[in-house]
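Data block below; observations after.
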There are 2 protein chains.
Amino acid sequence: MASLGPSIDELMQALRCLPGVGPKSAQRMTFHLLERNREGGERLARALQTALDNVGHCSRCRILCESELCTRCRDERRQQDQLCVVEMPSDVLAIEQATQYQGQYFVLSGHLSPLDGVGPEALGIPNLVEWLDSGSIEELILATNPTVEGEATAHFIGELARARQIKVTRLAHGIPLGGELEFIDSGTLSHAFSGRESI
Amino acid sequence: MASLGPSIDELMQALRCLPGVGPKSAQRMTFHLLERNREGGERLARALQTALDNVGHCSRCRILCESELCTRCRDERRQQDQLCVVEMPSDVLAIEQATQYQGQYFVLSGHLSPLDGVGPEALGIPNLVEWLDSGSIEELILATNPTVEGEATAHFIGELARARQIKVTRLAHGIPLGGELEFIDSGTLSHAFSGRESI
C-alpha cells in the first residue's frame, strides 16, 4: 500500500484498535476525518482523552463510572437485597432500559476463560464474595450470556452463593418474543419445550 | 438509554462522527476502549490529534500530506505530462497499487454537486485550470467514479481540457475481471456490449 505520510499511517493503524474496524474501514475513517470532518475529529480526540483520564470503575459494582461509586450504588432508594451479576456494562444498560429492576448490579467485565488466563480474580469475584458474605443479599440473579463460558461463569458464581444460603435465580431461557418457531435454533427450541409452563 | 456519566456519553456521541458508526457500534467501541484496550485508546487519541495538527493538503495535487508538496509531486522522476484526476485520496492509493502509472495526480476531494453547494471552487478546479494552462500536460486522464455525479464532474473537466487542446482519456468501463455475466448489472453489460473490442 502506498503511504501518504507517517501521521496518516499511524492514524490508520491506531483506528484498528476499534472493534470491527479492519484496514479498509480504518482508511475510510481516516480520509473522512481528515478530508471532511476535522471538527468531528477534534471532538473525538478530546472526548477520548477526557474519558480515558476520568473514567474508572465503581469500587462496588465495577461498572464504568467517573467517581468512586456509580450513581446506582449511591442511590439508597434502590433495593439492597437483590444483586444481578452481568458480564458487561452494556448489559446493565440493557436491563435498566428493558425492565423495572431496582436492585444492585455486579459487572464481571468478562467471563471465566482459563485458557485466556481469565480466572476469578480478573472478574473481581473476591469482591463479589465479600459482598455476599456481608449478609445483605437475599437473591442473586445470574444474567451472564447464554454461551458456554457465560453458563460456566454463572455456575461457578451460583455455587458460591448457594454455599452461603443465598437464593440464586437466572434469566429465563426460551423462545424470544416475536420469533417464529421454524427459525429458532434447535437448542433453544428443545430448551423451551422441556421447560414448558402451564397456563 | 441509561447514562454512565458525561465523559462516557460524550465519547459515544463523538465516535458517531466516524463513517458507518451508529449508536450501537459507538457504545460497543466505547466499552471496548475503556474496559479492554485503554492503551489502544491512548494511542488513537494521540494519533488523531497529531494527524489533525500535521496533515494538510499538497498545494499542487491537493492530496492529504504533511508538507507543502507531497512525495509524488516532489518526485521529479515521475512523468510531468500526464495528469490523472480522481475524486478521493484513496483513489490515488488504489491506482498506485494496481497500475504502473507514473504521472501526476489531481485530487478533487469530491464531485460537483450543485444541490449541496459543491461547485468548481470547492473542488479546486481553478488550480487545475492553472495547471492545464501552464502547458506541461499532454494527457488528462479522468478517473472519477462511474456515478452520475462523477460522470458529470468528468464531463465538466474534460471540456476544460479539450478547450486547451489537451488529449482527454477516461478509464475503460466494462465487465470486471472475474465477474460472471449473469450477475452483472444491465447498465454495465449494455455498455460493455456496445463497446466490444476486436481481438
Side-chain angles (χ1 to χ4, degrees), chain A residues 1-8 10-21 25 27-57 63-67 70-72 88-90 92-93 96-97 107 109-110, chain B residues 1-8 10-21 25 27-57 63-67 70-72 88-90 92-93 96-97 107 109-110:
Chain A
M1 166 68 74
S3 162
L4 290 177
S7 310
I8 301 178
E10 168 62 12
L11 178 54
M12 285 190 203
Q13 275 300 320
L15 281 164
R16 295 191 53 192
C17 77
L18 296 172
V21 175
S25 315
Q27 186 185 310
R28 188 159 147 250
M29 288 175 171
T30 300
F31 290 141
H32 179 86
L33 288 173
L34 294 173
E35 284 281 0
R36 300 192 183 167
N37 195 351
R38 288 192 171 232
E39 277 171 37
E42 297 275 0
R43 180 181 173 196
L44 177 55
R46 261 197 320 273
L48 191 48
Q49 197 58 61
T50 309
L52 288 166
D53 292 343
N54 295 347
V55 176
H57 293 90
I63 201 170
L64 289 171
C65 84
E66 296 176 44
S67 40
C70 71
T71 47
R72 263 169 231 96
M88 295 301 292
S90 45
V92 173
L93 298 185
E96 287 284 288
Q97 205 174 9
V107 179
S109 294
Chain B
M1 168 67 75
S3 160
L4 290 177
S7 312
I8 300 178
E10 168 62 13
L11 178 53
M12 285 190 204
Q13 275 300 321
L15 280 165
R16 296 188 52 191
C17 77
L18 297 172
V21 175
S25 315
Q27 184 185 311
R28 188 159 147 251
M29 289 173 170
T30 300
F31 291 142
H32 179 85
L33 288 173
L34 294 174
E35 284 281 0
R36 301 193 182 165
N37 196 352
R38 290 194 168 229
E39 277 172 37
E42 296 275 0
R43 181 180 172 194
L44 176 55
R46 261 197 320 273
L48 191 47
Q49 198 56 61
T50 308
L52 289 165
D53 292 343
N54 295 348
V55 176
H57 294 91
I63 200 170
L64 290 171
C65 83
E66 295 173 46
S67 41
C70 71
T71 46
R72 262 169 231 96
M88 297 300 293
S90 44
V92 173
L93 298 186
E96 287 285 287
Q97 205 175 7
V107 179
S109 294

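Computed over heavy atoms, backbone and side chain alike; hydrogens, waters and symmetry mates excluded.
- Heavy-atom pairs under 4.5 Å with chain A peak, among B:Cys17, B:Ser109, B:Gly56, B:Ser25, at B:Cys17.
- Residue B:Gln13 touches chain A through both its backbone and its side chain, counting heavy-atom pairs closer than 4.5 Å.
- Your options are A:Ala47, A:Ser7, A:Ala51, A:Ser67, and the one with the most heavy-atom pairs under 4.5 Å with chain B is A:Ser7.
- With chain B as partner, the option from A:Thr30, A:Leu15, A:Leu34 having the largest number of non-hydrogen pairs under 4.5 angstrom is A:Leu34.
- Interface check for chain B: of the options A:Arg28, A:His57, A:Met29, the most heavy-atom pairs under 4.5 Å are formed by A:Met29.
- With sequence neighbours excluded, no residue forms a side-chain hydrogen bond (donor to acceptor under 3.5 Å, both in side chains) with A:Thr50.
- For the set A:Gly40, A:Cys65, A:Ser90, the count of heavy-atom pairs under 4.5 angstrom toward chain B peaks at A:Ser90.
- A heavy-atom distance below 4.5 Å is not found between the side chains of B:Val21 and A:Leu18.
- Side-chain contact between B:Leu4 and A:Cys70: absent, with no pair of heavy atoms (C-beta onward) separated by less than 4.5 Å.
- Side-chain atoms of A:Val55 and B:Leu11, non-hydrogen and from C-beta on, never get closer than 4.5 Å to each other.
- Considering only heavy atoms from C-beta on, A:Leu33 comes within 4.5 Å of B:Leu48 through its side chain.
- In this structure, the portion of B:Arg36 lying under 4.5 Å from any heavy atom of chain A is its side chain and not its backbone.
- Among residue pairs with one or both ends in residues 42-55 of chain B, those qualifying as salt bridge (Lys or Arg N to Asp or Glu O under 4.0 Å) are A:Glu10-B:Arg43; sequence neighbours excluded.
- Chain A forms more heavy-atom pairs under 4.5 Å with one residue of B:Gly5, B:Ala45, B:Pro19 than with any other, namely B:Pro19.
- Between A:Leu52 and B:Arg38 there is a side-chain heavy-atom pair separated by less than 4.5 Å.
- Per-residue counts of heavy-atom pairs under 4.5 Å with chain A were compared for B:Asn54, B:Ile63, B:Leu44; the largest is that of B:Leu44.
- Ranked by heavy-atom pairs under 4.5 Å with chain A, the first of B:Arg16, B:Met88, B:Glu66 is B:Glu66.
- The two residues B:Pro89 and A:Glu35 make their nearest non-hydrogen contact at CG-OE2, 3.1 Å.
- If you tally non-hydrogen atom pairs under 4.5 Å between each of B:Met12, B:Glu39, B:Gln49 and chain A, the highest count goes to B:Gln49.
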